Amino acid sequence: MYALLIAVAITIVLFHEFTSQFGFGHDGSRLHALAVHGEDVVWALPAIALGAAVGAGLVVASGSRAGVSVLERLSLPGLGRDSRARSIGLVWGAIGVLAVHFTGAAFDGVPGGPSGVAVLLGTALGFGTYRLHRHAMEHEAYRTFNLVAMLLAAGSLASMSITPTGEWWTRNFSTLGTSDDVAAACFNVAVVVSGAGMAGMSASLTRALLAPRFGVRRGGLITMRALIVVIGVSLMGVGLMPIDGPTDLHNAAALCAAAAFAVLCVGVQLWARAVPRELVVASYASIAIEVTAMVLYDVVGVFNLTVFEVVAFALVFAWLIALVAITHANPEDTDAAGRRHLVPSRQAPHPGAAHDAAGRRTRPATRSGGPPRRPAARSSRPAHRSGALRDVQRALRRGSDGADEPPEPG
């Protein structure tokens, strides 16, 4: 479902780009409402085809090992770890570049301009997500939540491409959901569905913390899951109540999400005593970045509300992805609980060992000649032979010296 919605959002972006560049009767501006002319329908087919290809690629890149093994039997190319991770990196890199493309005027004063920012952001997103996906693709929770985050980004991108609100970034990020058209629907649906996915995955995102090595305190796991649910439900409220409607409720939902995320990060060592140091650093760094962004926006005035909201959204999803990638260190070790009940067996004595009458181990008697014996099937012989057998051996030795003939058998 998430891959399908992402494909729809990508299709809208591509159709807008095709019609604005090659369509008839358009002014060529980057930001205008999605006005479809009869001549533009011809561009719908390539946009749908490319969007479907992206969706299919995401399904394969986010598939489980069992699902991918089914496709490998068809000898399809590009199913290896590197290819799957590379496809995810390309999609995220393209999202970063297009986001700058649709908000180019916001970066006119930045050194390098919009082009430099687009290259920098696209490269960072692409390479970072490639490395992350290659490292964590065996974790089902990560693969699914990656699509949840990508849906929010792709839906926002589709809204940016066709919104009639002009320079929306000069006001706030939620302005994308206020136009009461397809652009607003893209943004609001993406926020609602992503928030629902986050809330629904609260147990999956924290399941690895059940391992004894993390030292989860009593009630800690329930608290973490409750806070993640609060964040997800608050995001749903942001999409269900646009800022041009019940503004107070919209702002309350956004503030509730930020507060729940702050509590989640600050108390990370309260919920689990032995969480990895990387997660602790990521948690405190997220709080520091969020507080810094708030001061620069609300006190200094360097940032506007849009930048602060984008930073807050990005921190929430990045931290939850880091939670899964860091704590799910051994996803295949599912039978460890069963192995702790096994009792190691005692070492069996050497098969060639024998014991004398006192119970002491003795070296087995050797015999020259005869057919070779296999080491695994080597058997022990008693150290004391019977008296009849010794008489036969002495007789054979005398016969070999010519002194006597061996006794007749019987």
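On a predicted model such as this, the values are computed, not experimentally measured, just so you know. We're numbering straight along the sequence, starting at 1.
- No donor-acceptor distance shorter than 3.5 angstrom exists from the side chain of Thr144 to the backbone of Ala141, with no hydrogens or angles considered.
- Not a single donor-acceptor pair under 3.5 Å links the side chain of Ser159 to the backbone N or O of Gly155.
- Taking both residues in full, the closest heavy atoms of Thr165 and Ser179 are given as CG2-CB, 4.1 Å, listed atom of the first, atom of the second, then distance.
- Residue Leu270 places its CG atom among more than 12 non-hydrogen atoms of other residues, nucleotides or ligands, all under 6.0 Å distant.
- Side-chain N or O atoms of His16 include none that pairs as donor or acceptor with a backbone N or O of Ile162 at under 3.5 Å.
- Atom SG of Cys265 and atom CD of Glu290 lie 8.0 Å apart (nearest 0.5 Å).
- The closest side-chain heavy-atom distance from Val299 to Met294 is not below 4.5 Å.
- Looking only at atom types and distance, the side chain of Trp168 has no donor-acceptor partner in the side chain of Thr163 under 3.5 Å away.
- Screening residues 251-270 for side chain to side chain donor-acceptor pair (under 3.5 Å) gives Gln269-Tyr284 as the qualifying pairs, with residues at least two apart or on separate chains.
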- Task: Given side-chain contact (heavy atoms from CB on, under 4.5 Å), test Met198 with Ile231 step by step and report yes or no.
- Result: CA-CA 8 Å; Met198 181 187 298; Ile231 297 173; 3.5 Å; yes
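- With hydrogens and angles ignored, the 3.5 Å screen pairs no side-chain donor or acceptor of Asn172 with any backbone N or O of Leu305.
- The distance from the OG1 atom of Thr103 to the CH2 atom of Trp169 is 6.0 Å, given to the nearest 0.5 Å.
- When all heavy atoms of Ile228 and Leu320 are compared, the pair lying nearest together is CD1-CD2, 3.9 Å.
- No donor-acceptor distance shorter than 3.5 angstrom exists from the side chain of Asn146 to the backbone of Tyr142, with no hydrogens or angles considered.
- Ring geometry for Phe127 versus Tyr130: interplanar angle of 30 to 60°, hence tilted.
- Looking only at distances, a side-chain donor or acceptor of Thr327 sits under 3.5 Å from a matching main-chain atom of Leu323.
- Residues Asp82 and Arg134 meet the side-chain proximity criterion, which asks for heavy atoms closer than 4.5 Å.
- With sequence neighbours left out, the ring-ring contact (aromatic ring centres under 6.0 Å, His included) criterion links Phe317 to Phe145.
- The shortest distance between side-chain heavy atoms of His133 and Thr129 does not fall below 4.5 Å.
- The side-chain heavy atoms of Leu50 and Val54, taken from C-beta on, include no pair separated by under 4.5 Å.
- From His101, atom NE2 reaches atom OG of Ser115 across 11.0 Å, with rounding to the nearest 0.5 Å.
- Checked by atom type and distance alone, the side chain of Thr247 never pairs as donor or acceptor with a backbone atom of Asp244 at under 3.5 Å.
- Atom NE2 of residue His139 and atom CG of residue Leu205 lie 12.5 Å apart, to the nearest 0.5 angstrom.
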- Item | side-chain contact (heavy atoms from CB on, under 4.5 Å) between Leu210 and Val216, intermediate numbers included | CA-CA 7 Å; Leu210 289 171; Val216 177; over 6 Å; no
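- Between Gly219 and Thr223, the shortest heavy-atom contact is O-OG1, 2.7 Å.
- Ring to ring, Phe187 and Phe173 are close: their centroids are under 6.0 angstrom apart.
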- Would Cys256 and Val230 satisfy side-chain contact (heavy atoms from CB on, under 4.5 Å), going step by step from the backbone distance to the final call? CA-CA 8 Å; Cys256 187; Val230 170; 3.7 Å; yes
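- Closest heavy-atom contact between His135 and Ala325: NE2-O, 3.9 Å.
- Counting non-hydrogen atoms of other residues, nucleotides and ligands closer than 6.0 Å to CZ of Arg217 gives a total above 12.
- Proximity of a side-chain donor or acceptor of Tyr2 to a complementary backbone N or O of Val193 within less than 3.5 Å is detected.
- Side-chain N or O atoms of Arg84 include none that pairs as donor or acceptor with a backbone N or O of Ser62 at under 3.5 Å.
- In terms of heavy atoms, Ile10 sits closest to Gly51 at CG2-CA, 4.4 Å.
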- Task: Begin with the C-alpha distance, continue with both residues' side-chain angles, and end with the deciding distance and a verdict on side-chain contact (heavy atoms from CB on, under 4.5 Å) for Leu235 and Phe313.
- Result: CA-CA 9 Å; Leu235 289 181; Phe313 273 115; 3.3 Å; yes
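- Residues Pro242 and His250 form no side-chain contact, since every pair of their non-hydrogen atoms from C-beta on lies 4.5 Å or further apart.
- The shortest side-chain heavy-atom distance between Cys186 and Ile12 falls under the 4.5 Å cut-off.
- For the atom pair Leu176 CG and Ile243 CD1, the distance stands at 11.0 Å (nearest 0.5 Å).
- Looking at heavy atoms from C-beta onward, Tyr297 lies out of side-chain contact with Val307 at the 4.5 angstrom threshold.
- Contact of the Met150 side chain with the Leu58 side chain is registered, since non-hydrogen atoms from C-beta on lie closer than 4.5 Å.
- What you find for Trp271 and Val263 is that their closest heavy atoms are CZ2-O, 3.8 Å.
- Here the side chain of Thr178 pairs no donor or acceptor atom with the backbone of Ser174 at under 3.5 angstrom.
- The distance from atom CG of Leu4 to atom CG of Leu151, rounded to the nearest 0.5 Å, is 10.0 Å.
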